[in-house]
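Letters go in sequence order (proteins before strands), and every chain restarts at 1. Since the model is a prediction, treat every value here as computed from it, not as a measurement.
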There are 2 protein chains.
Amino acid sequence: MDTYLQAGLDALADETRRAIFRRLSAGPVAVNELARVLPVTRPAVSQHLKVLKKAGLVIDRKAGTRRLYQLDPEGVARLRAHFDEMWTKALGNFQRMAEKPLMGAKDGKQCRARPKSN
Amino acid sequence: MDTYLQAGLDALADETRRAIFRRLSAGPVAVNELARVLPVTRPAVSQHLKVLKKAGLVIDRKAGTRRLYQLDPEGVARLRAHFDEMWTKALGNFQRMAEKPLMGAKDGKQCRARPKSN
DNA sequence: CGCATTGGTTAGTAATAGCTTACCGTTAGT
DNA sequence: ACTAACGGTAAGCTATTACTAACCAATGCG
C-alpha cells in the first residue's frame, strides 16, 4: 500500500520526468512533441512515460498514429494524499514535542542535556 | 531555487532515508540507535543523514560523544510548500480543462477525438 | 592518562538508472 | 499496397548510488 508512495516518489525524483509532468499538467501531449521540447530522445521519453504510468500519475490514449498522454488526476490526488499524511506525521509530532520541552526520556540514555548545543 | 525540490525529492526517494525520516519524526535520535534499528550499517546511516541534511530536512547537535539528529521543521515545511505548489498547478490546470470539454486546440493536430478510448 | 564509545570520512564494489541507437509493429494517407 | 510518421521495446554503455569495511578524530569515564 505504501508502494504508491515509493513509485510516485522516484517517478518525480527525476528532473526530466518532472519536466514531462509539468508539461502534461497543461494538457494532453503526444510523445513526439514531448521529445521535441525536452533535451532527450523520444525513446527516453517513452521510458519516462512508462515509469510515470506505472506510478499511476499519467494515463494515455491512442489518437491516430499518435498516443496522447495526460495526467491522471486520481493518481496525482492519491499521491498528494500520501504526501500530506507524511508531512502531517512529521510536523505534527514535532509540534507535540515543542510543547513539552523535555519529556520523560523513553530510554534513559537518550535525552541528555547538551553541553554546548552548537 | 528549485534545487530545494530536487534535493528534497531524491532525499526522500530512498526507502532507507524515508525510514530514517519517519523515525526522526518521533523525536531526536542518535546515529547509533538509527543504525541499530535499520538494516544497514552505521556509516550508511551517516551518509544518509548527510543527504537529508543537505536537503535541509534534518538538523543535528552534539550531545556528549553522540550526535542527535532531528527533523528541521522549517525545511520540511518548505519542501511541503514546494510540493503543494506542484500539486496545485497540476490539478488546478486539470480542473480548468475539465470545465471546457474541448478547447480551441492550440496546435490543430492535437485534440482529435479518440477512436476507442480504451 | 589510557580506553571505550560514538560517529564522520574514504576507498572500493555491485547494482541500478538514464541515455542512445537500432529495430519493429501500427496507423493514415495517397 | 506502398510509404511515411508515430511510438514502444531491446541491447548496450556510462554514471550514479547505496552499501560495507577500514581508518581516524573527539568525547567521557575509570
Peer 1: Would you say the base of D/dT17 and the side-chain of B/Q47 have a donor-acceptor pair closer than 3.5 Å?
Peer 2: no
Peer 1: Taking atom P of C/dG7 as reference, at what distance in whole Å does atom CZ of B/R61 sit?
Peer 2: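 Nearest whole value for this atom pair: 13 Å.
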Peer 1: Of all the choices, C/dG7, C/dT20, C/dA28, which nucleotide is nearest to the side chain of A/A44 once you look at every atom?
Peer 2: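 It is C/dT20.
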Peer 1: For A/E15 and C/dC19, give me the distance from atom CD to atom C1', rounded to whole Å.
Peer 2: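 Distance check: A/E15 CD to C/dC19 C1' gives 16 Å.
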Peer 1: Hey, can you tell me if B/W87 and A/F83 have their rings parallel, tilted or perpendicular (30° and 60° cut-offs)?
Peer 2: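 Taking A/F83 first and then B/W87, their aromatic rings sit tilted (interplane angle of 30° to 60°).
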Peer 1: Of A/D14 and A/P43, whose closest DNA chain C nucleotide lies nearer the 5' terminus?
Peer 2: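 The residue whose closest nucleotide sits nearer the 5' end is A/D14.
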Peer 1: Respond yes when some side-chain nitrogen or oxygen of A/Y69 is under 4.0 Å from OP1 or OP2 of D/dC6, and no when none is.
Peer 2: no
Peer 1: Distance check needed: C/dT6 P versus B/L49 CG, whole Å only.
Peer 2: 16 Å
Peer 1: Is B/K50 close enough to C/dT9 that one of its side-chain N or O atoms is under 4.0 Å from OP1 or OP2 there?
Peer 2: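 The answer is yes; a side-chain N or O of B/K50 sits under 4.0 Å from OP1 or OP2.
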Peer 1: Give a yes/no answer on whether the side chain of B/T41 brings an N or O atom under 4.0 Å of OP1 or OP2 in D/dT20.
Peer 2: yes
Peer 1: Can you see which heavy atom on A/G27 is nearest to which on A/V29, and at what distance?
Peer 2: O-CG2, 3.2 Å
Peer 1: Rounded to whole Å, please give me the gap between CG in A/D60 and C1' in D/dC6.
Peer 2: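 Spelled out: CG on A/D60 to C1' on D/dC6 is 14 Å.
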Peer 1: May I ask you to say what A/D10 touches in the nucleic acid, namely base, sugar-phosphate or nothing, with a heavy-atom cut-off under 4.0 Å?
Peer 2: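 Nothing, no heavy atom under 4.0 Å.
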Peer 1: Reckon B/T16 has a side-chain N or O less than 4.0 Å from the OP1 or OP2 of D/dC19?
Peer 2: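 Answer is yes, contact under 4.0 Å.
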Peer 1: When you get a sec, tell me which of D/dA26, C/dG18, D/dG7 is the closest nucleotide to the side chain of B/K62?
Peer 2: D/dA26
Peer 1: Go through the N and O atoms of the side chain of B/R42 and the base of C/dG7, and report whether any donor-acceptor pair is under 3.5 Å.
Peer 2: yes
Peer 1: Among C/dG7, D/dC6, D/dG8, which nucleotide sits nearest the side chain of B/V31?
Peer 2: C/dG7
Peer 1: Below 4.0 angstrom, N of the basic side chain to O of the carboxylate: do A/E33 and A/R23 qualify?
Peer 2: yes
Peer 1: With side-chain contact (heavy atoms from CB on, under 4.5 Å) as the test, pick out the partner of B/I20 among B/V45, B/D14, B/L57.
Peer 2: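 Exactly one pass, corresponding to B/V45.
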Peer 1: Using side-chain heavy atoms (C-beta onward) and a distance below 4.5 Å, is B/R61 in contact with B/Y69?
Peer 2: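 No, too far: nothing below the 4.5 Å cut-off.
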Peer 1: Is B/T65 near enough to D/dT27 that one of its side-chain N or O atoms lies under 4.0 angstrom from OP1 or OP2?
Peer 2: no
Peer 1: Taking NE2 from B/H48 and C1' from D/dT16, how many angstroms apart are they, rounded to a whole number?
Peer 2: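 Interatomic distance, NE2 of B/H48 to C1' of D/dT16: 14 Å.
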Peer 1: Look at A/R67 and D/dG8 and indicate whether a side-chain polar atom (N or O) is within less than 4.0 Å of OP1 or OP2.
Peer 2: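 Checking A/R67 against D/dG8: at least one side-chain N or O falls below 4.0 Å of OP1 or OP2.
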Peer 1: Output the rounded distance in Å from CG (B/L68) to P (C/dG7).
Peer 2: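 Distance, rounded to whole Å: 8 Å.
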Peer 1: In whole Å, I'd like the distance from the CZ atom of B/R17 to the C1' atom of D/dT16.
Peer 2: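 Between C1' of D/dT16 and CZ of B/R17: 12 Å.
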Peer 1: Measure the CG-CG distance between B/D72 and B/D60 for me, rounded to the nearest 0.5 Å.
Peer 2: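 Interatomic distance, B/D72 CG to B/D60 CG, rounded to 0.5 Å: 10.5 Å.
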Peer 1: Specify the separation, in whole Å, of atom CZ of A/R66 and atom C1' of C/dG29.
Peer 2: 15 Å
